[in-house]
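Down below is the structure, laid out as structure tokens.
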Amino acid sequence: MATDTLKSTTGASGASAVRRLLLDNGALTALIALVIAMSALSGDFLTTDNLLNIGVQAAVTAILAFGVTFVIVSAGIDLSVGSVAALSATVLAWMATSEGVPVWIAVILAVATGMACGLVNGVLISYGKLPPFIATLAMLSVGRGLSLVISQGSPIAFPESVSHLGDTLGGWLPVPVLVMVVMGLITALILGRTYIGRSMYAIGGNEEAARLSGLRVKRQKLAIYALSGLFAAAAGIVLASRLSSAQPQAAQGYELDAIAAVVIGGASLAGGTGKASGTLIGALILAVLRNGLNLLSVSAFWQQVVIGVVIALAVLLDTLRRKAGATPVAAGTGAPGGRGKQAATYIIAAVVAAAIVGAMSFLHNGSSSSATKKVGLSLSTLNNPFFVQIEAGAKAEAKKLGVDLTVTDAQNDASQQANQLQNFTSSGLGSIIVNPVDSDAAGPAVRSANKAGIPVVGVDRGVNKADTAALVASDNIAGGKLGAKAMAEKLGGKGKIVILQGLAGTSASRERGAGFAEGLKAYPGIEVVARQPADFDRTKGLDVMTNLLQAHPDIQGVFAENDEMALGAVKALGSKAGTSVSVIGFDGEPDGLKAVKDGTMYASVAQQPKELGRIAVENALNAAEGKKVEQTVMVPVKVVTKENVAGFGG
């Protein structure tokens, strides 16, 4: 095999040599092509601020992916890293704030938590004989559950001294990027220069052969998964530092991004191949894709499609590379001079990319478009009709006023929203509208916009510890109180009810729940027999309500913190809905109002989402043009029942 490869290489023409170079460095080639394409398509891409943003946005994924690289090289898988990251950050914040533990000890405990989770994975896989997929899937659930238990579903403020990890050095160099580089170097050192690194490749290449050659495979796997847990803890701390708070729901789905980065970087899920530089390139590819697609105003839904296609193409490229005879070499096992050739390849690639990108930048010189007419809107989610209506109202008003509106979907991920807000800031928009996933977590990114002189308007939820030109919102606490009053009046002041809570950690869920609880104090005859989260989701509302009915078949009322969960509860209740059980939702979305009209829901505490979107765009444009805007614009909330639903405009 070595002889065949040598012959084909030495006798290759210039074209085949280039082809071989591209195949051997597929991820790097893809990254260069992406950077060139994004530079050509968007004049906002090739700026110092935006390139630094890409580094920051890649940092957490890259650090997670470095840990996952160890596991994949050894032919394993780790689906728990996102949950372990959230748990480690939560432990640090809880210990340092609620328990009064010195910060340095809290950091050690957080790292120990990540390593402990990894060790448990290793024990289950090595000694419990569980498949890695099953063992780490279980830890995914356990880690997330413990994070929610410790935090009680609410974000915990991060210690000020640790939050500096999310800042910059010298006012321009982001600390997360430095941490990413350091962790990458450690990964390369472990893979290429240590006994355990060589063991990873041996186990991934042929586990039985490794065992017969004298490797203590079980012990090595313990160390491998412990390393993955340690890197996950580091990623969680960096992520929480960026958000200035530990979010119990942080890093959801990040395990898939981490695995994707490793695979895109050239590692094989079959084990035996992979390197730190490839993983870093894979993480940068994902970050460049998301950043560029945001700048190009591509729908968040299409972004998921594009990223999925990229992952599939990466695996296909790996297959083509193997068929073409390009054999990826395990770190630290290459031929003499191989490292020098690889370094030279990277340097040449950087020079070529810089030259082409520099030429592309001339395409965007002299742009005369008005910055004040460019507005960014970051919504917490578009997987909910209420926020879809906010988007519809905002787009209609933007079209009317001639505003260029870019809408992004944070998918209820505070860190993803922080990335989107950073992208808006580096794009030099006239103003930004934000519907925060979490009011505290949005603060650092909004402060960056404040420093850049870009006015920010909050919609539906406020932003804490940052300046906003205006807040366009309904009062969730007042709405919760109205819901409690409507429930009590319907039940005659007494009865048993259950509460379906929204997504843990979101300000909307906290405020609506707090308002409802406050309102119920005036009605001691109302007994809350159960509170369960259903994450603002109709399907989860159906499942949770079905389960609650088994334990509490005699309830008379249900309060859901949004209409989607209320509609799920209606489905679970069947004929009881609207007859023996009164269901009250929140938001006043079209399906909810239809259920109120049909009588299956008693009421909805209705906001006016289209009006929220319309007023937000109007205020954002006024703020961008330096006009005076009201600090707080309250859009009326009302309880809509069957009696008044026909006259409600929405």
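Along the sequence shown, residues are numbered consecutively beginning with 1.
- The existence of a salt bridge linking Glu561 and Arg510 is excluded, since no basic side-chain nitrogen approaches an acidic carboxylate oxygen closer than 4.0 Å.
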Practice prompt. Dump the intermediate steps for side-chain contact (heavy atoms from CB on, under 4.5 Å) on Asn121 and Asp78, then the final yes or no.
Written response: CA-CA 9 Å; Asn121 284 335; Asp78 192 347; 3.9 Å; yes
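- More than 12 heavy atoms of other residues, nucleotides or ligands shown are found within 6.0 angstrom of CG on Asp543.
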Could you list the donor-acceptor pairs under 3.5 angstrom formed by side chains in residues 55-66, with sequence neighbours left out?
from  : atom 1 : to     : atom 2 : distance (Å)
Gln57 : NE2    : Asn419 : O      : 3.3
Gln57 : NE2    : Asn423 : OD1    : 2.8

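- The two atoms that bring Tyr254 and Gln416 nearest to each other are OH-N, 4.1 Å, heavy atoms only.
- Looking only at distances, no side-chain donor or acceptor of Ser83 sits under 3.5 Å from a matching main-chain atom of Gly143.
- Screening residues 233-242 for salt bridge (charged side-chain N to carboxylate O under 4.0 Å, His left out) gives no qualifying pairs among residues at least two apart or on separate chains.
- Side-chain atoms of Thr136 come within 3.5 Å of backbone N or O of Leu79 as a donor-acceptor pair.
- A donor-acceptor pair under 3.5 Å links the side-chain atoms of Asn206 to the main chain of Ala209, judged by distance alone.
- Remark: the backbone N or O of Gln420 is not paired with any side-chain donor or acceptor of Ser378 at under 3.5 angstrom.
- Note: Gln220 CD to Ile203 CD1 = 5.5 Å, rounded to the nearest 0.5 Å.
- Nearest heavy atoms, Ala566 versus Ala560: N-CB, 3.5 Å.
- The closest donor-acceptor contact from the side chain of Thr546 to the backbone of Ala572 lies at 3.5 Å or more, if one exists at all.
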Name each donor-acceptor pair under 3.5 Å that joins a side chain in residues 100-120 to protein atoms two or more places apart or in another chain, with its distance.
from   : atom 1 : to     : atom 2 : distance (Å)
Thr113 : OG1    : Leu109 : O      : 2.7

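- In this structure, Tyr225 has its ring center no closer than 6.0 Å to that of Phe70.
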